There are 2 protein chains.
Amino acid sequence: MKLNTKGRYAVMAMADIAKCGLGGAPSKAVPMAQIAERQHISLPYLEQLFSKLRREGLVSSMRGPGGGYTLARPASQIYIGEIMQAVGEPVKMTRCNREKNESTGCIGGGDCNTHELWSALSDHIYNFLGSISLQDVIDKNVGSFGSLTSNLRAVNEKTGPEAIEEAI
Amino acid sequence: MKLNTKGRYAVMAMADIAKCGLGGAPSKAVPMAQIAERQHISLPYLEQLFSKLRREGLVSSMRGPGGGYTLARPASQIYIGEIMQAVGEPVKMTRCNREKNESTGCIGGGDCNTHELWSALSDHIYNFLGSISLQDVIDKNVGSFGSLTSNLRAVNEKTGPEAIEEAI
DNA sequence: TAAATACTTGACTGCTGTAGTCAGGAATTA
DNA sequence: TAATTCCTGACTACAGCAGTCAAGTATTTA
């Protein structure tokens, strides 16, 4: 269960633009070559990723000298989950492609005890990434979520899920 | 960001034991061949996994006719995170191996904007898996966590992530 | 003791998907 | 026109996963 470089690089690059593109009133375009150098990512590889980011409408591009990339929206309105999804970093914990209620989704049909676990895990990760914006990342404002769930765990260990509301 | 079969199969097998090992006062040993058949997992492959589960003290084995595996502890005291870790399914989102506070951990030293994000993601997943017991899984008692985080998602759903189904 | 059952271990292999390269092209500015 | 930058698709090496195979060891039943 590892993160691959596509998702990681894409977020790194987006954070780089968010950080270095500031200055002008219409925010300055950041050339890809600079991003590649600062983040130590191979330029041709980065080009692949930006092709996808552009198609998904997360960045805008300008060609020619002085050109480069800008964020298509303010950093506070771009969520990590979107970036991951755009470059094809799927959050996929279940093996079957069916809907939750179809028990036939799993191999052999009907005897998959663990489907709901993996499904819940996917949701959990998805929600986490969908709740953190690029702005949060460059502000290093990510810790709160981690500590929140730590509290939940402590509650759950003692008294069970009923006490969760207290924790919030 | 996918789950590989090691972790998935290990949890499936453990859940199978938890479910099928009941009956006798000292819970009945479940032969691996039965698990393999019920869960549609190749027997030799499963043997590899159980070797690790046994070494980590999560299951006990009994040889000879009538032998098999039993859980080393009650299902309510075995957490999914332990199983995943035992079979070598690491939850690793960061690339560098250093501690949180060492900024030199990341490549090039000091310019890794996203380290804390991945670190928080790892924590998040780890806490989730560490809070769900095998008993929760066989009782299908996993949903509460999912619905909790769904509330978080609702906050940014206005602007944000479409195509949830694709992500799952 | 012998046979049956079941666990144990290590080495081996095919293959998929990731990570990265390469080459050429198109738009824009000066 | 020349320089700069983005854009696109095809291609490839390689690691690691998933699974196999073979030979062994321990335990119980008869």
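In this text the structure is predicted, and so the values were computed from the model without any measurement. Throughout, a chain's letter reflects where its sequence line sits, starting with A, and its residues are numbered from 1.
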**Message:** In this structure, how many angstroms lie between the P atom of D:dG19 and the NZ atom of B:Lys6, rounded?
**Reply:** 12 Å
**Prompt:** Under 3.5 Å, is there a donor-acceptor pair between the B:Trp118 and B:Ser122 side chains?
**Reply:** no
**Prompt:** Is there a donor-acceptor pair under 3.5 Å between the side chain of B:Glu89 and the backbone N or O of B:Met84?
**Reply:** no
**Item:** Where protein sits on nucleotides 25-30 of chain D, one letter per nucleotide: B base, S sugar-phosphate only, - none, heavy atoms under 4.0 Å
**Value:** BBBB--
**Between C:dT18 (C1') and B:Met1 (CE): distance, integer Å** = 16 Å
**Message:** If I take atom CD1 in residue B:Ile35 and atom P in nucleotide C:dA6, what distance separates them, rounded to the nearest angstrom?
**Reply:** 12 Å
**Message:** Does C:dG20 have OP1 or OP2 under 4.0 Å away from a side-chain N or O of A:Ser42?
**Reply:** no
**Message:** From CD1 of B:Ile41 over to P of D:dC17, roughly how many Å is that when rounded to an integer?
**Reply:** 17 Å
**B:Glu82 bridged to B:Arg73 by N-O distance under 4.0 Å** = yes
**Distance in angstrom units between A:Leu43 CG and D:dT5 P, rounded** = 11 Å
**Item:** For B:Asp136 against B:Val142, the heavy-atom pair lying closest together
**Value:** O-CG2, 3.9 Å
**Asked** A:Tyr69 has an atom OH; how far is it from atom P of D:dT5, in whole Å?
**Response** 13 Å
**Asked** Which residue lies toward the 5' end of DNA chain D, A:Pro31 or A:Lys2, if each is placed at its nearest nucleotide?
**Response** A:Pro31
**Asked** Do the non-hydrogen side-chain atoms of B:Met32 and B:Glu47 ever get within less than 4.5 Å of each other?
**Response** yes
**Asked** Under a single-linkage definition using a 4.5 Å side-chain heavy-atom cutoff for Ile, Leu, Val, Met, Phe, Trp and Tyr, are B:Met62 and B:Leu46 assigned to the same hydrophobic cluster?
**Response** no
**Message:** Without decimals, in angstroms, what is the distance between B:Arg8 CZ and D:dC17 P?
**Reply:** 14 Å
**Request:** Using the closest heavy atom to pick a nucleotide of DNA chain D for each, name whichever of A:Ala33 or B:Asn4 lands nearer the 5' end.
**Result:** A:Ala33
**Request:** Output yes when at least one side-chain N/O atom of A:Ser61 is less than 4.0 Å from OP1 or OP2 of D:dC6, else no.
**Result:** no
**Prompt:** How are the rings of A:Tyr69 and A:Phe50 set relative to one another: parallel (under 30°), tilted (30 to 60°) or perpendicular (over 60°)?
**Reply:** tilted
**Message:** Same cluster or not: A:Leu129 versus A:Ile138, using hydrophobic residues (I, L, V, M, F, W, Y) connected whenever any side-chain heavy atoms lie under 4.5 Å apart?
**Reply:** no
**Prompt:** In Å, rounded to the nearest 0.5 Å, how long is the span from CG of B:Leu121 to CD1 of A:Ile132?
**Reply:** 8.0 Å
**Item:** Between C1' of C:dT18 and NZ of A:Lys92, the distance in whole Å
**Value:** 18 Å
**Prompt:** When you measure from every atom of DNA chain D, which of residues 44-59 of chain B have a heavy atom less than 4.0 Å away?
**Reply:** B:Pro44, B:Tyr45, B:Gln48
